[in-house]
K.L.:
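Dropping the structure in here first, questions after.
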Amino acid sequence: MINITFPDGSVRQYEEGITGYEIARSISPRLAEDVLAIAVKAAGDTTIGKGEVMDLNRPIEADSSIFLLKWDDEEAKRVFWHSSSHLMAEALEDLYPGIKFGIGPAIENGFYYDVDLAGNQITDADFPKIEKRMLELAREKQEFVRIDVPKAEALKHFEEKGEKYKCELINDLEDGSITYYTNGHFTDLCRGPHLRSTECIKAVKLTSLAGAYWRGDEKREQLTRIYGITFPKKSLLDEYLVVLEEAKKRDHRKLGKEMELFTFSSRVGMGLPLWLPRGSVMRYELESFLRKKQKQYGYLPVVTPHIGSKDLYVTSGHYAKYGKDSFQPIHTPQEGEEYMLKPMNCPHHCEIFRSAPRSYRDLPLRLAEFGTVYRYEQSGELHGLTRVRSFTQDDAHMFVTPDQVKGEFEKVIDLILYVFKIFKFENYTAQVSLRDPNNKAKYIGSDENWEKAENAIIEASAEKGLKTVVEYGEAAFYGPKLDFMVKDAIGRRWQLGTIQVDYNLPERFQLEYTDADGSKKRPVMIHRAPFGSIERFSAVLLEHTGGHFPLWLAPDQVKVLPVSAKYADYAKKVCDLLNNSDIRTSVDDRNETLGKRIRENSLLRIPVRIIVGEKETAEGTVSVTREGTDVGAMKAEEFVSWFKAEMAKELE
RNA sequence: GCCACUUUAGCUCAGUCGGUAGAGCAACGCAUUCGUAACGCGUAGGUCGCCAGUUCAAGUCUGGCAAGUGGCUCCA
């Protein structure tokens, strides 16, 4: 007999070799229906987490603590979707004989399988057919059967089937660690775990079709990636589709159009946003918000040109790294001159540092600029405002002594967290991006400096209590970084704030300061941008708020609607009063019904609406509605102080 | 850049088998003067993304190009 410990601490005894499914059934048949997988941790194992996720029908041989995983557990969803990708593969093999399989993992929302269609054609019009076949197979209640196979046998099996991608995967695996999972007539190389049976899969939706390079390498074959999602209940699929629809309504490209914030023109060029008047007001507000805070943190403003001599970027090393993939150098009437559109601000700021002798007393020197930069992003990568070819960084560079790195880094974390708090970004990921330890040649700078910089970031994040994830190979070529990632409406993750330590540029630009003992020392640079770029930040903020900006940021803050033309003069008087108090106000006295004007101004996301009619005109009052909620009537002067107080609350 | 799909009025979208283009909203005019999310009537608006080809005839079929969308790769 073995002891099984449950999450509540209770212990039950079972026969050796009992399976998760049998344990669940011993508790209740209903539980056995709902449970999808099991997490098992051997007795005495003190690691955190629930333990290893396993198939429900794998025997448990020793004392263990267990979690029975149901749909609401993330781990169970992954198992569910991973099994669903096998189910889809089985259906695809039925419908498209000769098809070859790559990999088919679970992802955040659903799963995909990469396939080589081997001459077949699939379009999204074929999805219903595939979905139907998947459901038919699911109803066959196929069990997922796991078997261990020797490497040689696995290779032989897949070679005979002509599965060259699988063979490549097997070649990279250790003999003895190879397992198959079979459901119905479909056998896949797979580590598992899987569902007990396909019968749990009750609702299927294939979502999209895309190209994907084999093993993520653009020099290799491009496979067809089929995305899908499945659920244990039809109603869950319906709910998911509704959520997706809702999310699409918050797409910043749609809102940007509706709210008249920005536009694009293919004649101006792809990825080059045109900011409309309302969007520009919002941009300026974002900038002044940050300028004010940065002043408190001791930043000094600078302004630098949009172009720079090619030599500048040769010196910085950016030309060697990105020159070929940039907007190409601009040639001038004068022979031999070459200028580049500024792809980043740092080299300019380095030259500002060099413009005067610097003392240790001047450090940290913090130079800040809303600098517009131009990068030739790949055409297929452009996306609304989140990935563009011309964007404005809320950039700053700190020149510090080596001892000041950590302290300065922490100050920047404080600033970024302040920004995120004001905008209520709560679900961000702080990602520490370090070098790829297996490919150090990709990076410039000495090992020693890299170690120092990486440690500074890790320590500073820890001291600020940030929960970080560490990604190897994600560092910039000149230094490690701490990035703050936020999700958009449909769950894509975008990098916003970033902090980067750089020992390299000071070296290349031969930057120096005079230390207390009179010796020349090399400063360290910290790059940072709390928004990342105004463009991307605006996009994510639009999706985050659904266009309902805080009062201080709304392009139009107040709209005054006279009930009819008779009250237009009073409306204008109120409007002037508010504008004189720096509240962005306009009157909508168009010859339209009140209801229609209310509707249209609501769609523009104007946060505050004032209605004036006979009563208000007589009493000198305004009737106020904020975001559709009635605030009541007040004197026009009272409104000004109410509004200012509401704005102040948002910035606390 | 690669794969797939898409492109019709300012916006959102119909358009069957190839027979020469339609709606709603917006705009403009008239009427209306209105109390918290779409009043009514009328007018105007399109080289069907662009360029070729097939055809008696192309929004529709074929090819190329451009832009957009979803991914991949990339992201200083």
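The sequence lines fix the lettering, A, B, ..., with proteins before strands; numbering per chain opens at 1. All of these numbers come straight from a predicted model, not from anything done at the bench. We use all heavy atoms of the structure for the numbers below, so side chains are in, but hydrogens, waters and symmetry mates are not.
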K.L.:
Test your reading of the model: is there a side-chain donor-acceptor pair from Thr386(A) to the backbone of Gly384(A), 3.5 Å cut-off?
P.N.:
no
K.L.:
Mind checking whether His318(A) and Phe477(A) have ring centres under 6.0 Å apart?
P.N.:
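Yes: the rings meet the under 6.0 Å criterion.
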K.L.:
Would you measure the distance from the P atom in rU7(B) across to the matching atom in rA26(B) and give it in whole Å?
P.N.:
25 Å
K.L.:
Give a yes or no on whether the backbone of Thr392(A) and the side-chain of Glu535(A) come within a donor-acceptor separation of less than 3.5 Å.
P.N.:
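A pair under 3.5 Å: yes.
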K.L.:
Out of rC72(B), rG35(B), rA31(B), which nucleotide sits closest to the side chain of Glu614(A)?
P.N.:
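So the side chain of Glu614(A) is nearest to rG35(B).
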K.L.:
For Gly216(A) and for Arg597(A), locate the closest nucleotide of RNA chain B by heavy-atom distance; then report the residue assigned to the nucleotide nearer the 5' terminus.
P.N.:
Arg597(A)
K.L.:
Looking at Lys596(A), does any N or O in its side chain come under 4.0 Å of the phosphate oxygens OP1/OP2 on rU36(B)?
P.N.:
no
K.L.:
Cation-pi check, Arg389(A) to Tyr376(A): give yes when NZ or CZ is under 6.0 Å from the six-membered ring centre and within 45° of the ring axis, no otherwise.
P.N.:
yes
K.L.:
Pick the closest RNA chain B nucleotide for His318(A) and for Val624(A) by heavy atoms, then say which residue is nearer the 5' end.
P.N.:
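With His318(A) and Val624(A) compared, the 5'-side residue is Val624(A).
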K.L.:
Applying the Watson-Crick and G-U wobble criteria at under 3.5 Å, what pairs with rG42(B)? Answer none if nothing qualifies.
P.N.:
rC28(B)
K.L.:
Once hydrogens and angles are ignored, does a donor-acceptor distance under 3.5 Å link the base of rC75(B) to the side chain of Asp483(A)?
P.N.:
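Not at all, since no donor on one side and acceptor on the other fall under 3.5 Å apart.
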K.L.:
How would nucleotides 59-70 of chain B be written as a contact map, 5' to 3', with B for base contact, S for sugar-phosphate-only contact and - for no contact, using protein heavy atoms under 4.0 Å?
P.N.:
--------SSSB
K.L.:
For Ala565(A), which contact category applies under a 4.0 Å heavy-atom criterion: base, sugar-phosphate, or nothing?
P.N.:
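Answer is base: heavy atoms of Ala565(A) come under 4.0 Å of a base.
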K.L.:
Partner of rC50(B) by Watson-Crick or G-U wobble geometry, both contacts under 3.5 Å, or none?
P.N.:
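Paired with rG64(B).
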K.L.:
Please determine which of Trp494(A), Phe370(A), Phe425(A), Phe484(A) meets the ring-ring contact (aromatic ring centres under 6.0 Å, His included) test together with Phe537(A).
P.N.:
Phe425(A)
K.L.:
Please give, in whole Å, the distance from rU36(B) C1' to Lys615(A) NZ?
P.N.:
14 Å
K.L.:
Gln121(A) CD to rC5(B) C1': how many Å, rounded?
P.N.:
12 Å
K.L.:
Taking only the C1' atom of each, what is the distance from rC48(B) to rG22(B) in whole angstrom?
P.N.:
12 Å
K.L.:
If only side-chain N and O atoms of Lys257(A) are considered, is one of them under 4.0 Å from the OP1 or OP2 phosphate oxygen of rU12(B)?
P.N.:
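Checking Lys257(A) against rU12(B): at least one side-chain N or O falls below 4.0 Å of OP1 or OP2.
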K.L.:
Base, sugar-phosphate alone, or nothing: which one does Ser326(A) contact when heavy atoms must sit under 4.0 Å apart?
P.N.:
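Here Ser326(A) touches the bases of the nucleic acid.
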K.L.:
Separation of Glu377(A) atom CD from rC75(B) atom C1', in whole Å?
P.N.:
5 Å
K.L.:
Taking atom P in both rG1(B) and rG59(B), compute the distance separating them and give it to the nearest angstrom.
P.N.:
30 Å
K.L.:
Between rC75(B) and rG15(B), how many Å separate the two C1' atoms, rounded to a whole number?
P.N.:
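The answer is 42 Å between these two C1' atoms.
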K.L.:
Check whether NZ of the Lys or CZ of the Arg Lys100(A) lies under 6.0 Å from the centre of the six-membered ring of Tyr165(A) and within 45 degrees of that ring's axis.
P.N.:
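Checked: cation-pi criterion not met.
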K.L.:
May I ask you to say what Lys481(A) touches in the nucleic acid, namely base, sugar-phosphate or nothing, with a heavy-atom cut-off under 4.0 Å?
P.N.:
sugar-phosphate
K.L.:
Will you find, in the side chains of Gln431(A) and Ser433(A), an N or O donor that is under 3.5 Å from an N or O acceptor?
P.N.:
yes
K.L.:
Whole Å only: how far is the NZ atom of Lys249(A) from the C1' atom of rU12(B)?
P.N.:
14 Å
K.L.:
Looking only at atom P, what distance separates rA57(B) and rA67(B), rounded to whole Å?
P.N.:
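Per the computed distance, 32 Å lies between those P atoms.
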K.L.:
Under the 3.5 Å rule, do the base of rG35(B) and the side chain of Glu616(A) count as making a donor-acceptor pair?
P.N.:
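In this structure, the two groups form a donor-acceptor pair.
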K.L.:
Considering only the C1' atoms, how many Å lie between rU16(B) and rC61(B), rounded to the nearest integer?
P.N.:
16 Å
K.L.:
Send over the distance from Glu258(A) CD to rA26(B) P, rounded to a whole Å.
P.N.:
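Taking atom P of rA26(B) as the reference, CD of Glu258(A) is at 14 Å.
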K.L.:
Could you measure between the two P atoms, the one in rG63(B) and the one in rC3(B), and give it in whole Å?
P.N.:
15 Å
K.L.:
Check every atom of rU36(B), rU33(B), rC5(B) against the side chain of Thr123(A) and return the nucleotide holding the closest atom.
P.N.:
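Of all the options, the side chain of Thr123(A) is nearest to rC5(B).
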K.L.:
Is Tyr213(A) side chain donor-acceptor paired with the rG1(B) base, going by distance under 3.5 Å alone?
P.N.:
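Pair found.
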K.L.:
Sort out the partner of rC34(B) for me: Watson-Crick or G-U wobble, both distances under 3.5 Å, none otherwise.
P.N.:
none
K.L.:
Would a distance-only check, ignoring hydrogens and angles, find a side-chain to backbone donor-acceptor pair under 3.5 Å from Thr545(A) to Gly547(A)?
P.N.:
yes
K.L.:
Which nucleotide in the set rA37(B), rC75(B), rU12(B) lies at the smallest distance from any side-chain heavy atom of Ile598(A)?
P.N.:
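My answer, after comparing the listed nucleotides, is rA37(B).
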K.L.:
Do Phe327(A) and Tyr374(A) have ring centroids that are under 6.0 Å from one another?
P.N.:
no
K.L.:
Regarding rC72(B), can its base be found pairing with the side chain of Gln222(A) as donor and acceptor, where the two atoms are less than 3.5 Å apart?
P.N.:
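No.
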K.L.:
Nearest to the Gln378(A) side chain among rG35(B), rC74(B), rC5(B), which nucleotide is it?
P.N.:
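Nucleotide nearest to Gln378(A)'s side chain: rC74(B).
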K.L.:
Nearest to the Thr593(A) side chain among rA38(B), rG71(B), rC39(B), which nucleotide is it?
P.N.:
rC39(B)
K.L.:
Considering only heavy atoms and no angle criterion, is a donor-acceptor pair shorter than 3.5 Å present between the side chain of Arg387(A) and the base of rC75(B)?
P.N.:
yes
K.L.:
Counting only Watson-Crick or G-U wobble pairs whose two distances fall under 3.5 Å, which nucleotide matches rU20(B)?
P.N.:
none
